[in-house]
Amino acid sequence: MIKKVKWDNHPVLKNLELDFQKEDGSIYNTIILAGKNGSGKTTVLETLSAFLNLGSFEPFDHIQYEVGSTSYKLTKNENNNAKHGFHVRINESDGSSKRVNSNLNNSRNTIERDTEDIRYYGCAYSKARSGFKTKVVKSTTTEQIDDGKYEDDAGDDYTSGQDGLLRLARSMRMTQEMIIHQ
């Protein structure tokens with residue numbers, strides 16, 4: 001679970017830092033982003049989703065997260081290949097660090113086996129859709145309801161989102177199996 005995120009000179013978010021921890025250090029299970037239109041709510045979600053779906057680390061200064069009882073911090077590597085998703089992962093418990101040079105197109109299989117990599121668990125994100133008008137419904141089908149209500153997204157590529165859902169389902173099964181075996 002994500003503990004903290006800090007952006008790095010982002011055009012919209014600037015150097016925003018979000019802390020998702022309670023006073024006792026535990027992480028909130030539910031986060032609600034609220035604000036005026038144009039305040040950056042969608043940008044927060046889009047930048048996180050892009051990275052978690054094997055994209056760029058470039059918008060971030062750092063991301064802190066927890067897997068099990070171990071805390072990690074991701075930072076940019078000195079070669080500044082953050083636009084490719086490359087970063088350094090620091091184990092905050094023992095201070096060890098690892099350069100992570102994998103993304104959607106480079107050594108992707110290492111992410112699929114690395115349970116310390118937050119991207120292993122995937123991310124599901126759906127574009128916000130608003131501004132459509134409704135009429136009184138007397139009788140209809142789901143096809144009629146959806147017809148013309150949303151922008152055409154037939155050209156969008158949801159492959160990474162589907163992969164994220166598969167990783168999420170796999171991790172949920174693993175967690176369930178761990179609970180059963182305990």
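Throughout, residue positions are numbered sequentially from 1 according to the sequence presented.
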Can you find a pair of side-chain heavy atoms, one from [X] and one from [Y], that are under 4.5 Å apart?
| X | Y | answer |
| --- | --- | --- |
| Thr47 | His10 | yes |
| Ile118 | Phe51 | yes |
| Glu116 | Val67 | no |
| Glu66 | Thr70 | no |
| Lys4 | Leu18 | no |
| Thr110 | Asn101 | no |
| Phe57 | Val100 | no |
| Tyr72 | Ile63 | no |

message: Any donor-acceptor pair under 3.5 Å linking the side-chain atoms of Ser49 with those of Asn53?
response: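 Result is yes, a qualifying pair exists.
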
- prompt: Any luck finding a side-chain donor-acceptor pair between Glu92 and Gln64 under 3.5 Å?
  reply: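 Distance-only check passes for Glu92 and Gln64.
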
Backbone N/O of [Y] and side chain of [X]: donor-acceptor pair under 3.5 Å:
| X | Y | result |
| --- | --- | --- |
| Asn103 | His84 | yes |
| Tyr121 | Thr115 | yes |
| Asn9 | Asn15 | no |

How long is the gap from [atom1] on [X] to [atom2] on [Y], to the nearest 0.5 Å?
| X | Y | atom1 | atom2 | result |
| --- | --- | --- | --- | --- |
| Thr43 | Leu48 | OG1 | CG | 11.0 Å |
| Lys14 | Lys6 | NZ | NZ | 14.0 Å |
| Ser102 | Arg113 | OG | CZ | 10.0 Å |
| Leu45 | Leu52 | CG | CG | 10.5 Å |
| Ser71 | Met1 | OG | CE | 12.0 Å |
| Ser97 | Leu74 | OG | CG | 11.5 Å |

Presence of salt bridge, [Y] and [X], under 4.0 angstrom:
| X | Y | result |
| --- | --- | --- |
| Arg119 | Asp117 | yes |
| Asp114 | Arg89 | yes |
| Asp61 | Lys76 | no |

task: Mind telling me whether Phe60 and Trp7 have parallel, tilted or perpendicular rings, with 30° and 60° as the class edges?
output: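 Correct class here is tilted.
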
Out of curiosity, does [Y] fall in the hydrophobic cluster containing [X] (side-chain heavy atoms, cut-off under 4.5 Å, transitive links)?
| X | Y | answer |
| --- | --- | --- |
| Phe86 | Tyr120 | no |
| Tyr125 | Leu13 | yes |
| Ile90 | Ile27 | no |

N/O donor-acceptor pairs under 3.5 Å from side chains in residues 28-41, not counting sequence neighbours:
| unit_1 | atom_1 | unit_2 | atom_2 | d |
| --- | --- | --- | --- | --- |
| Ser39 | OG | Lys36 | O | 2.7 |
| Lys41 | NZ | Gly35 | O | 2.9 |
| Lys41 | NZ | Lys36 | O | 2.9 |

- request: Evaluate side-chain contact (heavy atoms from CB on, under 4.5 Å) for Phe20 paired with Val5, printing each intermediate quantity in order.
  value: CA-CA 8 Å; Phe20 302 120; Val5 181; 4.0 Å; yes

